[in-house]
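Working notes for the structure below.
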Amino acid sequence: MCGIIGIVATQDVAGALYDGLTVLQHRGQDAAGIATADGAHVHVQKGNGLVRDVFDDDAMRLLRGRVGVAHCRYPTAGSEGSDEAQPFYVNSPYGVALVHNGNLINTETLRREVFEQDRRNVNTDSDSEVLLNVFAHELDTQKALTPDAAFRAIEGVNRRARGGYAVVTTVLGLGLVAFRDPNGIRPLVLGKRSTANGDEYAVASESVAFDVLGFERLRDVAPGEGVVITARGELFTRQCAAPAEHAPCIFEYVYFARPDSMIEDISVHKARMRMGQKLGEKILRLRPEHGIDVVIPIPDTSRDAALEIANVLGVKYREGFIKNRYVGRTFIMPGQGERAKSVRRKLNPIPLEFRNRVVLLVDDSIVRGTTSKQIVQMARDAGASKVYLASAAPPVRYPNVYGIDMPSAEELVAHDRTEEEVQQILGCDWLIYQDLGDLEDAVSGPKHKVTHFDSSCFNGQYVTGIEPGYFDRIKQLRSDEAKKTRRAVS
């Protein structure tokens, strides 16, 4: 999962891109990059680390231009090291810099096509660089530099690429070109602000980036839609893919997106509140005499759900963990050992909230189980008489293939295990999961603007289909053992 943003403005955009990235930092903490176009040159600055660490005053001064894109990276399949930082750039045709959020599932097929048919070289293991070269080739075949040519190039990409992708590019001499996969798996929103010098436009992974920059959220980019914003500030849009099942990633609402974002016209904050309501009702159905003394969230993403569970159950809600803000999100840590060490560094219990109480801990989801197991033990060590654990999401039993680095199935704690077996592994007195139907109802909300989701990590149903052998390749790339081997070699 990554954060992307692109802006066309009436003045230099580097500062605005930087500010936008800082509020998208939760989507990726591994690397960051910015590319700007000044009409004659594309300027690229990128590197490993947080946004604040990658860009200093000297780097920002080099980023001239009123058109630009930016990216904060969270590594998925195979992508580790500074060479994988985005934006990626090619000088033909015209000069194109690209940022990408998502994951292609036919990367190896495309890589061969790019080399053998398009006669282009891909220099990294990143599917984003493959996607850049596919787009660049399709644009080159148009023999023109117009919005219409860009739309036809997007159509070519959509015919060739499979997976989840939201893409923003700068094209020297044209402006900003953005598009979204035909199923709308990965999010992309369009915004606008009016200035004395004219209208300015932006596209981003989440609307929260617009809030800090003063842009008005216009709408989500539609699945399969292309957006062209010329350097003069003209907006063009066109549907660039045949109709397909709209299936946004439900894990955005469970974990990744900020609660103050709107995705598909759905408030992430309200979706998480509804998750808590549904889960609280399930607890009452299963154990009317639950005996829970206090509901405690595992910060931060589970707070909305935990508060609503407490309201439904009629018990106290308390903050029981103090979080160290200077440790990254453990879900996206590069290895199991590093994740394990980070939990104790990241969270510290307040014993007064645990001592001699039946505690219901609430988390947004349980993936590998390593973090959950340690937190359950921390609650016991703090004096809890019983520790229950509630997950606002169903059991994660299958890998995510569309841009979230969920490991090979064998490393998922719920894979091929019953809920009782997972409960035993985690060491809690009672484990309760959200039902998938309740989760989907909670996210879609009372207006039901979205009726289908990519819930593949819960139900194993992949909207794009999966090629034979794909999961074996994923296991080779994503397992902690594979990552450990790659780091040892490098």
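- Using modelled atom types, one side-chain atom of Arg397 and one backbone atom of Ala414 make a donor-acceptor pair closer than 3.5 Å.
- Remark: aromatic rings of Tyr462 and Phe471 are close, center separation under 6.0 Å.
- When atom types are taken as modelled, the side chain of Asn158 and the backbone of Cys240 share a donor-acceptor pair closer than 3.5 angstrom.
- No donor-acceptor pair under 3.5 Å is formed between the side chain of Gln239 and the backbone N or O of Ala242.
- Taking each heavy atom of Ala37 and Leu172 in turn, the nearest pair found is CB-CD1, 3.8 Å.
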Report the C-alpha distance between Leu347 and Lys323 in whole Å, list the side-chain angles of each, state the deciding distance to 0.1 Å, and finish with yes or no for side-chain contact (heavy atoms from CB on, under 4.5 Å).
-> CA-CA 5 Å; Leu347 294 177; Lys323 184 175 181 180; 4.1 Å; yes
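- Under the 6.0 Å distance and 45° angle rule, Lys46 counts as a cation-pi partner of Phe88.
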Trace of the side chain to side chain donor-acceptor pair (under 3.5 Å) decision for Asp363 with Tyr255 = CA-CA 10 Å; Asp363 209 348; Tyr255 176 80; over 6 Å; no
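- Counting non-hydrogen atoms of neighbouring residues, nucleotides and ligands closer than 6.0 angstrom, the NE2 atom of His452 reaches no more than 12 such neighbours.
- Distance check: His41 NE2 to Thr36 OG1 gives 11.5 Å after rounding to the nearest 0.5 Å.
- A salt bridge links Asp118 with Arg160: the distance from a Lys NZ or Arg NE/NH1/NH2 to an Asp or Glu carboxylate oxygen falls below 4.0 Å.
- In this structure, CD1 on Ile154 lies 11.0 Å from CD on Glu138, to the nearest 0.5 angstrom.
- Without hydrogens or angle criteria, Asp56 side chain to Asp58 main chain gives a donor-acceptor distance under 3.5 Å.
- To the nearest 0.5 Å, atoms CG (Leu190) and CG (Leu218) are separated by 5.0 Å.
- Atom NE2 of His269 is separated from atom OH of Tyr253 by 15.0 Å, given to the nearest 0.5 angstrom.
- Counting heavy atoms from C-beta outward, Phe135 and Val167 have side chains that stay 4.5 Å or more apart.
- Atom CD1 of Ile250 and atom OG of Ser455 lie 4.0 Å apart (nearest 0.5 Å).
- Contact record, Asp127 with Gly102: OD2-O, 4.1 Å, taken as the closest heavy-atom pair.
- For Arg272 and Glu308, the salt-bridge test fails: no basic side-chain N is under 4.0 Å from an acidic carboxylate O.
- Minimum heavy-atom separation, Tyr74 to Gly403: CE2-O, 3.6 Å.
- Ile34 has its side chain out of reach of Gln45: every pair of non-hydrogen atoms, C-beta onward, lies at least 4.5 Å apart.
- A donor-acceptor contact shorter than 3.5 Å links the side chain of Asn183 to the backbone of Glu245.
- Proximity of a side-chain donor or acceptor of Ser456 to a complementary backbone N or O of Asn400 within less than 3.5 Å is not detected.
- Between Ala153 and Gln142, the shortest heavy-atom distance links the atoms N-NE2, 4.3 Å.
- Nearest heavy atom pair, residue Ala209 against residue Ala204, reads CB-CB, 4.1 Å.
- Residues Ile375 and Phe321 have side chains in contact (heavy-atom distance under 4.5 Å, counting atoms from C-beta outward).
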Cut-off 3.5 Å, no hydrogens considered: what does the side-chain donor-acceptor table look like for residues 256-266, sequence neighbours left out?
unit_1, atom_1, unit_2, atom_2, d
Arg258, NE, Asp260, OD1, 3.1
Arg258, NH2, Asp260, OD2, 2.7
Ser261, OG, Glu206, OE1, 2.6
Glu264, OE2, Arg180, NH1, 3.2
Glu264, OE2, Arg180, NH2, 2.5
Glu264, OE2, His246, NE2, 3.1
Asp265, OD1, Arg217, NH1, 2.9

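- In this structure, Thr169 contributes its side chain and Val171 its backbone to no donor-acceptor pair below 3.5 Å.
- Of the possible donor and acceptor atoms, one in the side chain of Gln86 sits under 3.5 Å from a partner among the backbone N and O of His100.
- Looking only at side-chain heavy atoms (C-beta outward), Leu412 and Val367 come within less than 4.5 Å of each other.
- A 4.5 Å side-chain heavy-atom check between Pro446 and Arg274 finds at least one atom pair inside the cut-off.
- Using a 4.5 Å heavy-atom cutoff, the side chains of Leu439 and Pro394 are in contact.
- Between the Asn103 side chain and the Val401 main chain, a donor and an acceptor come within less than 3.5 Å of each other.
- Considering only heavy atoms from C-beta on, Phe251 comes within 4.5 Å of Cys457 through its side chain.
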Could you tabulate the donor-acceptor pairs under 3.5 Å formed by side-chain atoms of residues 2-18, not counting sequence neighbours?
unit_1, atom_1, unit_2, atom_2, d
Thr10, OG1, Glu200, OE2, 2.7
Asp12, OD1, Gly65, N, 3.2

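- A salt bridge is absent between Arg186 and Asp181; no separation between the charged side-chain nitrogens and carboxylate oxygens falls under 4.0 Å.
- To the nearest 0.5 Å, atoms OG1 (Thr371) and CD1 (Ile298) are separated by 9.0 Å.
- Pairs of residues two or more places apart, or lying in two chains, never qualify as salt bridge (charged side-chain N to carboxylate O under 4.0 Å, His left out) while including a residue from residues 94-105.
- With respect to Glu252 and Arg27, a salt bridge is recorded, a charged nitrogen being found less than 4.0 Å from a carboxylate O.
- At least one side-chain heavy atom of Asn106 sits less than 4.5 Å from a side-chain heavy atom of Glu467.
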Test side-chain contact (heavy atoms from CB on, under 4.5 Å) applied to Tyr165 and Asn101, step by step = CA-CA 6 Å; Tyr165 49 91; Asn101 171 34; over 6 Å; no
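- Proximity of a side-chain donor or acceptor of Gln434 to a complementary backbone N or O of Ala393 within less than 3.5 Å is not detected.
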